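Both backbone and side-chain heavy atoms feed into the values below; hydrogens, waters and symmetry mates do not. As the structure is a prediction and not an experimental result, all values here were calculated from the model.
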Amino acid sequence: MSRRTALPVLAALGALALTATPAVATTTPAQIATSKTNGVAYLKTLQAADGSYAGSGLSNEWAFSAFAAAGTAAVDVTPGGDTSKNARTVYRNLLATTSWPSASPVVTDYERATLNAYAAGIDPARVSASRNLIADIYGYWQTAETGYFGPSANFNGTVFAALALNGAKTQSGQVRVPQALRDAIVTRIRANQHNDGGWNYSKAEGNPTQQAATSDIDMTGAAMAALCVSGVPNTDADIVQGKAFLKSKLVASSGAFNAMFGVNTDSNGWAVSGLNACGINPQTGDFLTAQGKTPVDFLIAQQFNPGGGFKYLPGDTSPSAYASIDGLRAVAGAGFTATPPTPVTSGAPQWVAQGSLTSGTATKLALTVDDGAGNLMVCSVALTPTGSTTTLGAVLDAAVGSATPSGCVTSVTPSSGTGTVTALNGKANSGSNTWKVSVDGGSFATATRGTTVGVGDTVAVRWGA
């Protein structure tokens, strides 16, 4: 997720730099509205002739999160008015290809796609009959270090797992993953907090040297957002400490955060997005400097008008695509994704999603198994359905031999039929403590082999009363 390298710099479209900083203590709603309008106009210029924003390397797909935050639907973004090449359709088609993201993918590829697909109005669990981004993320669960996604040394993979799995809700607005999984990730994020109250991209847990190291502005914003979207309140001690770290880095004269790589738009944007996600106003209280400046003031001052792009460094003379995305999303008041707005294109729905499984087409489903004793198993289950839906029994059976990581399910009783699941992984029902199932964050009910499971369903199985 780091933007440290290859930050692309694009020429401004007749852009004129702001010549004066705001005279008032905080940026006004009118200034924010103008920033959003101009920022969206600039991001539209980044669209390729084929309608794409995403591609190889550091692409501009994060634009979808900024568009949504600013109130523009991705389906309404078209090259030259050609609706057949609208940004949402082109992005969905890319995500559905078997060659995406690469021959050697990492967990952050799927996390980035989940956050941006959601913002674009694409259900990330139902991109196509074969593409389920939530299941793709589940496949990177670390069984030896529960709570981490991807190698624990790359801590940002776990932070963005929290952002993606919690932030990309179902179409009805429900968190689709179970509380046990949310809690496991939160535990790891807390364990990686540095002594100064912030976080960094690399793992600090169990390493006193790393914990004593200076934190990073960007990752502190992301980690705070990850905790808050996971249900941690902004009054929590770890959030308060993170907030204090950010406050300690404020530059009084500009409202910028003094980041590890110097004052810049991207770091400021991530910090403000973290505050936004936690419901902390970045323009009052701790974030209004003695000279009457705020982090939003700094971002507005980094934007070119009327061109709308944001420069990366204060001294830059042309806008950066990444800085423009990070800056606009933050100014618009969002965290690291946003609910897709209602399109203005006639007939275009707010959401697009695969409606059913396709018989004979291999797919993946996201599965968690919680034995009620603190042992949580998380995996991506590969199976080839024989109809438009499948069953919990078929999913559990497939998980025995086709789960990533393996070991999620070792045995199921009964092994056939449609009846009640009486034992799983050798643990049997006992009195009121029985195996129960939830789909897409819904209520838990008695787990039966015949329970219907549809395309993209996030399945949680739990033992308990």
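When atom types are taken as modelled, the side chain of Thr89 and the backbone of Lys85 share no donor-acceptor pair closer than 3.5 angstrom. One N or O on the side chain of Thr37 and one on the backbone of Ala33 form a donor-acceptor pair closer than 3.5 Å. Proximity of a side-chain donor or acceptor of Thr458 to a complementary backbone N or O of Asp440 within less than 3.5 Å is not detected. Without hydrogens or angle criteria, Gln174 side chain to Gly442 main chain gives no donor-acceptor distance under 3.5 Å. A donor-acceptor distance shorter than 3.5 angstrom exists from the side chain of Asp297 to the backbone of Thr27, with no hydrogens or angles considered. In terms of modelled atom types and a separation under 3.5 Å, the side chain of Asp109 and the main chain of Val106 share a donor-acceptor contact. At distances below 3.5 Å, at least one donor-acceptor pair connects side-chain atoms of Asn268 with backbone N or O atoms of Pro295. The main-chain N or O of Thr97 is found under 3.5 Å from a side-chain atom of Arg131 such that the two form a donor-acceptor pair. The backbone N or O of Ala213 lies less than 3.5 Å from a partner atom in the side chain of His194, making a donor-acceptor pair. Panel note: side chain Ser320, backbone Lys311; no donor-acceptor pair is recorded below 3.5 Å.
For the residue pair Asp326 and Tyr312, no side-chain donor N or O sits within less than 3.5 Å of a side-chain acceptor on the partner. For the residue pair Thr170/Ser172, the side-chain donor-acceptor check at 3.5 Å is satisfied. Between the side chains of Ser202 and Asn200, no donor-acceptor pair of N or O atoms lies under 3.5 Å. No side-chain donor-acceptor contact under 3.5 Å links Asn276 and Ser273. Looking at Ser128 and Gln354, their side chains never bring a donor and an acceptor atom within 3.5 Å of each other. A side-chain donor-acceptor contact under 3.5 Å links Ser267 and Asp218. Arg126 and Asn132 share no donor-acceptor pair across their side chains, judged by distance under 3.5 Å alone. Using modelled atom types and a 3.5 Å distance limit, the side chains of Arg188 and Thr158 yield no donor-acceptor pair. The closest side-chain donor-acceptor pair between Asn305 and Asn38 falls under 3.5 angstrom.
Of the charged side-chain nitrogens involved, none lies within less than 4.0 Å of a carboxylate oxygen, so that Asp196 and Lys249 do not count as a salt-bridged pair. Taking 4.0 Å as the cut-off between side-chain N and carboxylate O, Arg176 and Asp457 do not count as a salt-bridged pair. Remark: Asp286 engages Lys243 in a salt bridge, criterion side-chain N to carboxylate O under 4.0 Å. Looking at Glu205 and Arg190, no side-chain N of the basic residue comes within less than 4.0 Å of a carboxylate O on the acidic one, giving no salt bridge.
Contact detail for Ser130 and Thr363: the closest heavy-atom pair is CA-OG1, 4.2 Å. The shortest heavy-atom contact between Gly355 and Val455 is C-CG1, 3.7 Å. Of all heavy-atom pairs spanning Gly279 and Asn234, the tightest one is O-ND2, 3.7 Å. Nearest heavy atom pair, residue Gly150 against residue Val107, reads CA-CG1, 4.1 Å. The two residues Tyr42 and Gly307 make their nearest non-hydrogen contact at CB-O, 3.4 Å. Shortest non-hydrogen contact noted between Phe287 and Lys247 is CE2-N, 3.8 Å.
Annotation: side chain of Asp183 is in contact with side chain of Gln179 (closest heavy-atom distance under 4.5 Å). Counting heavy atoms from C-beta outward, Leu313 and Val263 have side chains that stay 4.5 Å or more apart. Within the 4.5 Å cutoff, the side chain of Leu275 has no heavy atoms near those of the Asn281 side chain. At a threshold of 4.5 Å between non-hydrogen side-chain atoms, the residues Val369 and Leu376 do not count as touching.
If you take CG on Asn166 and CD1 on Ile185, they are separated by 6.5 Å, rounding to the nearest 0.5 Å. A distance of 14.0 Å separates CG of Leu367 from CD1 of Ile134, quoted to the nearest 0.5 Å. Taking CG of Leu133 as the reference point, atom CD of Glu111 lies at 11.0 Å (rounded to 0.5 Å). Atom OG1 of Thr108 and atom CG of Asn154 lie 8.0 Å apart (nearest 0.5 Å).
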Compile the donor-acceptor pairs under 3.5 Å between side chains in residues 332-343 and protein atoms, sequence neighbours left out, one pair per line.
unit_1, atom_1, unit_2, atom_2, d
Thr337, OG1, Leu115, O, 2.7
Thr339, OG1, Tyr118, OH, 3.3

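Residues Phe160 and Trp270 bring their aromatic ring centres within 6.0 Å. Aromatic pair Trp141/Phe149: ring centres closer than 6.0 Å. Checked against a 6.0 Å centroid threshold, the rings of Tyr53 and Tyr91 do not count as neighbours.
For the salt bridge (Lys or Arg N to Asp or Glu O under 4.0 Å) test with Glu61, the passing option among Arg92, Arg112, Arg88 is Arg112; the others fail.
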* Where do Gln31 and Thr28 land on the side-chain hydrogen bond (donor to acceptor under 3.5 Å, both in side chains) test, with the steps shown first? -> CA-CA 5 Å; Gln31 288 174 306; Thr28 66; 3.3 Å; yes
